[in-house]
Each structure stands twice: as structure tokens, then as C-alpha cells.
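Working notes, structure below.
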Amino acid sequence: MLIKAPKGTKDILPGQSRKWQYVEDKFRDLCRRYGIEEIRTPVFEHTELFQRGVGDTTDIVQKEMYIFEDHAGRSIALKPEGTAGVVRSYIENKMYADVRPAKFCYVIPCFRYEKPQAGRLREFHQLGVEIFGAEDMAADAEVISLAMDFFEELGVGELELRINSIGCPECRAEYRKALQDFLRPHYEEFCDTCKSRFDRNPMRILDCKNPHCGELSAGAPRMIDYLCDDCRTAFEELKENLSALGIGYTVDPGIVRGLDYYTKTAFEIVTNTIGAQGTVCGGGRYDHLVEELGGPATAGIGFGLGIERLLIVMEASGAPMPEEEGVDLFVAFMGEEGKKRAQALVHDLRKKGMRAMLDVAARNIKGQFKYADRIGARFTAVIGDDEIARGEITLKDMRTSEQRQISLGELADVLTAAKKDKTVQGE
Ligand code: ATP
Ligand code: MG
């Protein structure tokens with residue numbers, strides 16, 4: 001039986017991988033400009049980290065985690081998201097003692113056992129940013145601004161920023177009562193997951209994807225109407241900060257994170273151009289998470305952005321993608337001595353930064369030229385006994401079919417000039 005990739009996973013094939021590199025390079029470059037450095041944490045962590053750090057009333061922890069026991073009987077989980085690992089590392093490495101705020105970015109695979117569909121995979125990838133130790137809403141605005149700049153620099157339009165405030169443990173207590181009072185008459189009609197959340201975390205009921213639960217909770221009280229003075233002021237400051245940066249937004253009281261240590265700002269960046277899985281980026285503030293995981297009280301704010309969904313949006317909105325980089329020179333050869341010379345030449349050109357190729361599959365000269373054609377070489381050259389005797393090669397421009405004799409010493413310069421020419425034409 002042929003072995004296939006596990007359900008919900010996707011190979012990123014050559015051709016596609018170029019787009020991934022492009023997106024990741026853009027992200028890292030943008031983060032550099034925001035003074036944010038990359039952090040790399042393990043793909044797997046102790047299961048407990050996510051139970052405590054993401055919350056055991058969330059879909060992620062209740063239904064979606066890949067958990068296994070290792071050989072010593074430890075419960076290990078593949079990371080379903082990026083924040084918990086970064087927080088764990090921040091505490092473990094005592095980074096709270098360094099300059100504040102600490103700023104991190106990451107590019108990671110995530111694993112969630114979900115029903116695979118367009119824009120929803122079991123292994124997917126996230127770009128993310130986290131900032132620790134900044135309570136001011138300027139930090140929230142900076143994080144959101146980075147995400148918006150990223151989309152803009154990639155040429156993705158038609159995105160909507162939705163913001164909300166989910167308050168803090170103090171104001172949420174009163175809201176929780178009001179919400180439970182509203183939901184209680186329908187308790188029996190909710191799905192089992194919602195029932196299990198009624199006492200522990202009723203806010204999560206508002207996030208249930210079951211349509212009937214959605215109908216039952218329509219018209220429920222909204223957290224935004226229960227904010228304490230501190231949270232309300234913070235929300236106003238967030239809006240002011242966004243406006244100062246020229247970032248448009250809509251307030252969406254329906255955005256729920258709903259964990260005790262998620263606080264104040266919650267946001268999503270959505271598009272309606274790609275159908276159901278339209279949320280490309282989600283983020284928010286988590287002022288109690290570092291403490292919850294055993295560190296000193298430290299504010300936190302960040303986002304996660306799905307790369308697969310981003311690429312779908314880029315495709316849908318006609319955003320520019322990097323073009324395939326052609327081969328600068330293909331060196332064909334005849335005879336044993338020709339082969340050695342061709343190998344040395346190609347090696348030398350590669351050291352000089354050229355994209356140079358030769359045949360390594362023992363083709364005859366006709367086959368070599370066919371191969372050069374298939375890989376789209378810009379120039380070809382032939383090295384045989386004649387060329388060796390004369391110390392020159394015949395260089396052929398595959399675009400114009402023009403041929404010329406040049407010495408080996410000139411070759412790199414000619415290729416570089418042709419490359420520059422191409423860049424200018426391409427602009
Ligand atoms: P959804 O409501 O679509 O399930 P979520 O709330 O679970 O999203 P987050 O946990 O906020 O998503 O993750 C941040 C981003 O990661 C999402 O906005 C999305 O772009 C991406 N993402 C989440 N789950 C998947 C998945 N299974 N496959 C592909 N991308 C995903
Ligand atoms: Mg989800």
C-alpha cells in the first residue's frame with residue numbers, strides 16, 4: 001500500500017516554498033524594523049502548559065490537541081498555538097529581568113485535530129508576535145500596526161480590523177453573572193460542550209460554532225457594556241492610538257477570548273474574500289498569563305496569523321508573488337576533460353553568487369541542451385576540446401540566440417551585467 005501524508009497535512013512543494021520564504025522573509029524584515037527578535041521554542045511541550053496557558057475550557061484544549069505519552073510516561077502535546085511556549089520560555093529564562101518590554105516574533109508549525117477543509121488543517125503554520133511588560137495601549141496599537149503593515153506590504157487589500165475589549169477579572173465577574181442569567185433558561189438546549197462551560201467559563205459559549213447554540217445566545221449581554229472604568233479607559237486609549245496611526249477599525253463586541261488571564265484588547269483581522277475561514281489573524285492582551293504560568297506579574301500582548309490562510313487571501317486578492325529565479329548559466333560539456341572544466345567553472349560561478357548549473361545525470365550533449373531548455377537557462381555555454389585548446393567558450397544568449405566567444409575570465413562579468421539588465425527591465 002502506498003503511504004500517503006496524514007489527513008489534514010500538506011506538503012509544501014518547490015514552487016510553493018518560494019512563496020512561503022517570501023512571506024516569512026517579509027515578516028522577519030518587518031519585525032526587525034519594529035525591534036522584535038525571533039524566538040524559537042520546541043515543537044512539543046508538557047501538555048499541562050497548554051491546559052493552563054490556553055485554558056482547559058477552550059476548543060483547542062478540550063478537542064483539538066495532539067497528545068501522546070513519551071517513553072517515560074510524560075504527557076506531551078504538539079503545540080497548538082504559539083503564545084504558551086513563548087511565555088514558558090520567558091519565565092524559564094528569566095527574561096523578565098532584561099530590558100522591558102521584551103518583544104518576540106516566531107514562525108512555527110501548529111497542530112490541531114480539526115476537521116480538515118479549505119484554510120483548516122491539522123498541521124498549519126503561524127507567524128506571531130508577543131510583547132511582554134508593556135501595559136500602555138501603545139503596545140496594543142504597535143502589535144496591531146505591525147500586522148496591518150504586513151498585509152499592506154504584501155499587497156493584500158480588503159481586510160477589516162475588528163476590535164473588542166473583554167475586560168479584566170474584576171469587571172468580568174459581574175458580566176459573567178448577567179450572562180449566566182441570560183443563558184440559564186435555555187441551559188438544557190445547549191450542546192454538551194456549552195453545558196460544561198456554563199459554570200466554568202460561560203463566555204466561551206458565545207464562541208460555540210454549533211448554529212443552535214448561536215441562536216440561543218443571540219442577544220446575550222455584551223462584555224463591552226460591563227467594562228470597569230480602567231478597562232473602558234484602556235479601550236478608548238486603544239482607539240485613540242489606532243487613529244493616531246491612521247488604522248481604521250470596527251468595534252465587534254462578539255469577539256471572545258474568554259479566559260481569566262486574557263484581558264482588555266481582543267482583535268481579529270478578517271476578509272470576506274475567501275469564504276468561511278475568513279479570520280486570518282487573531283490576537284489580544286493577556287495580562288495575567290505570565291503570572292498564571294508561574295512568572296512575576298507581567299502584561300502581555302500578541303497575535304497569531306495563519307500562513308496558509310494568508311496565502312489563500314494573497315492569491316484571491318491578486319497580491320504579487322515572487323517570480324521564479326531563472327538559471328543564469330548552463331554549462332554543457334563534451335568529453336572527460338570538458339566535464340572537469342565545466343564542474344570547476346560552475347563551482348567557481350556559484351561561489352561568486354551566480355545560479356550556475358551543469359548536467360549531473362550523464363546525458364549526451366543533445367540531452368544536456370534539452371535539459372538547459374527545461375530549466376530555463378538564460379545563457380548556455382559549451383566546453384569541449386576546442387574550447388579548452390583556445391581558452392575561450394561560446395556563450396549563447398537563449399533569449400536572442402546571439403552567440404559570442406568570450407574568455408573564461410570575462411564570464412562572471414558578462415553574467416552579472418545581464419542580471420542587472422534584467423532587474424532594470426523588471427522594475
Ligand atoms: P477559527 O475560529 O478559524 O478556528 P481560531 O480562533 O481557532 O480560528 P486562533 O487560535 O486565533 O484561531 O489562531 C490564529 C490564526 O491561526 C487564525 O486566525 C487562522 O489564520 C490560523 N488557524 C487557526 N486554526 C487553523 C487551522 N486549523 N488551519 C489553518 N489555519 C488555522
Ligand atoms: Mg479554531
Side-chain angles (χ1 to χ4, degrees), residues 5-10 12 20 23-24 27 50 53-66 77-87 105-130 143-144 146-148 150-151 154 156 159-164 166 193 201 203-211 213-214 252 254-259 262 265-286 289 300-316:
K7 188 172 168 182
T9 67
K10 257 196 182 145
I12 300 164
W20 284 73
V23 161
E24 290 169 12
F27 177 69
F50 302 113
V54 180
D56 51 13
T57 57
T58 57
D59 276 355
I60 293 180
V61 170
Q62 283 187 318
K63 306 176 188 169
E64 298 172 358
M65 274 212 290
Y66 275 90
L78 300 182
K79 63 177 157 198
E81 57 91 58
T83 306
V86 179
V87 174
C105 67
Y106 52 81
V107 181
I108 54 166
C110 296
F111 305 87
R112 297 187 193 176
Y113 196 82
E114 299 198 74
K115 195 163 166 245
Q117 51 198 288
R120 198 175 286 288
L121 293 155
R122 289 184 176 172
E123 184 195 30
F124 65 100
H125 299 78
Q126 275 190 0
L127 306 167
V129 163
E130 317 287 352
V143 161
I144 292 173
L146 191 153
M148 299 303 279
F150 182 54
F151 289 115
L154 289 173
V156 182
L159 287 165
E160 194 189 354
L161 167 66
R162 297 184 184 160
I163 59 169
N164 190 23
I166 55 166
T193 311
N201 195 348
M203 227 168 143
R204 291 234 59 93
I205 295 178
L206 304 179
D207 211 19
C208 181
K209 301 215 163 70
N210 180 324
C213 297
D252 179 354
I255 298 175
V256 173
R257 296 220 137 213
L259 289 165
Y262 283 92
T265 310
F267 68 94
E268 287 180 355
I269 300 172
V270 296
T271 171
N272 52 18
T273 54
I274 59 167
Q277 265 56 258
T279 308
V280 189
C281 176
R285 192 165 261 285
Y286 46 85
L289 183 54
I301 166 89
F303 71 74
L305 190 156
I307 304 182
E308 282 83 359
R309 284 189 205 176
L310 170 67
L311 288 169
I312 298 173
V313 180
M314 286 177 70
E315 209 83 52

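As the structure lists them, so they are numbered: ligands from 1, and atoms in each ligand from 1.
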Give a yes or no on this: more than 12 heavy atoms of other residues, nucleotides or ligands lie within 6.0 Å of atom OH of Y113.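 Open: at most 12 neighbouring heavy atoms sit under 6.0 Å from OH of Y113.
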With the side chain counted from C-beta on, respond yes when [X] and [Y] share a heavy-atom pair under 4.5 Å apart, and no when they do not.
X    : Y    : result
T279 : R309 : yes
I163 : T265 : no
H125 : V107 : no
I60  : F50  : no

Neighbouring residues of ligand 1, heavy-atom cut-off under 4.0 Å: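 Those residues closer than 4.0 Å to ligand 1 by some heavy atom are R112, E114, G119, R120, L121, F124, Q126, K209, R257, T279, V280, C281, G304, G306, R309.
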Among V143, D252, N164, side chain to side chain contact (heavy atoms under 4.5 Å, CB included) partner for F267: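 Testing F267 for a side chain to side chain contact (heavy atoms under 4.5 Å, CB included) against V143, D252, N164 leaves exactly one candidate, V143.
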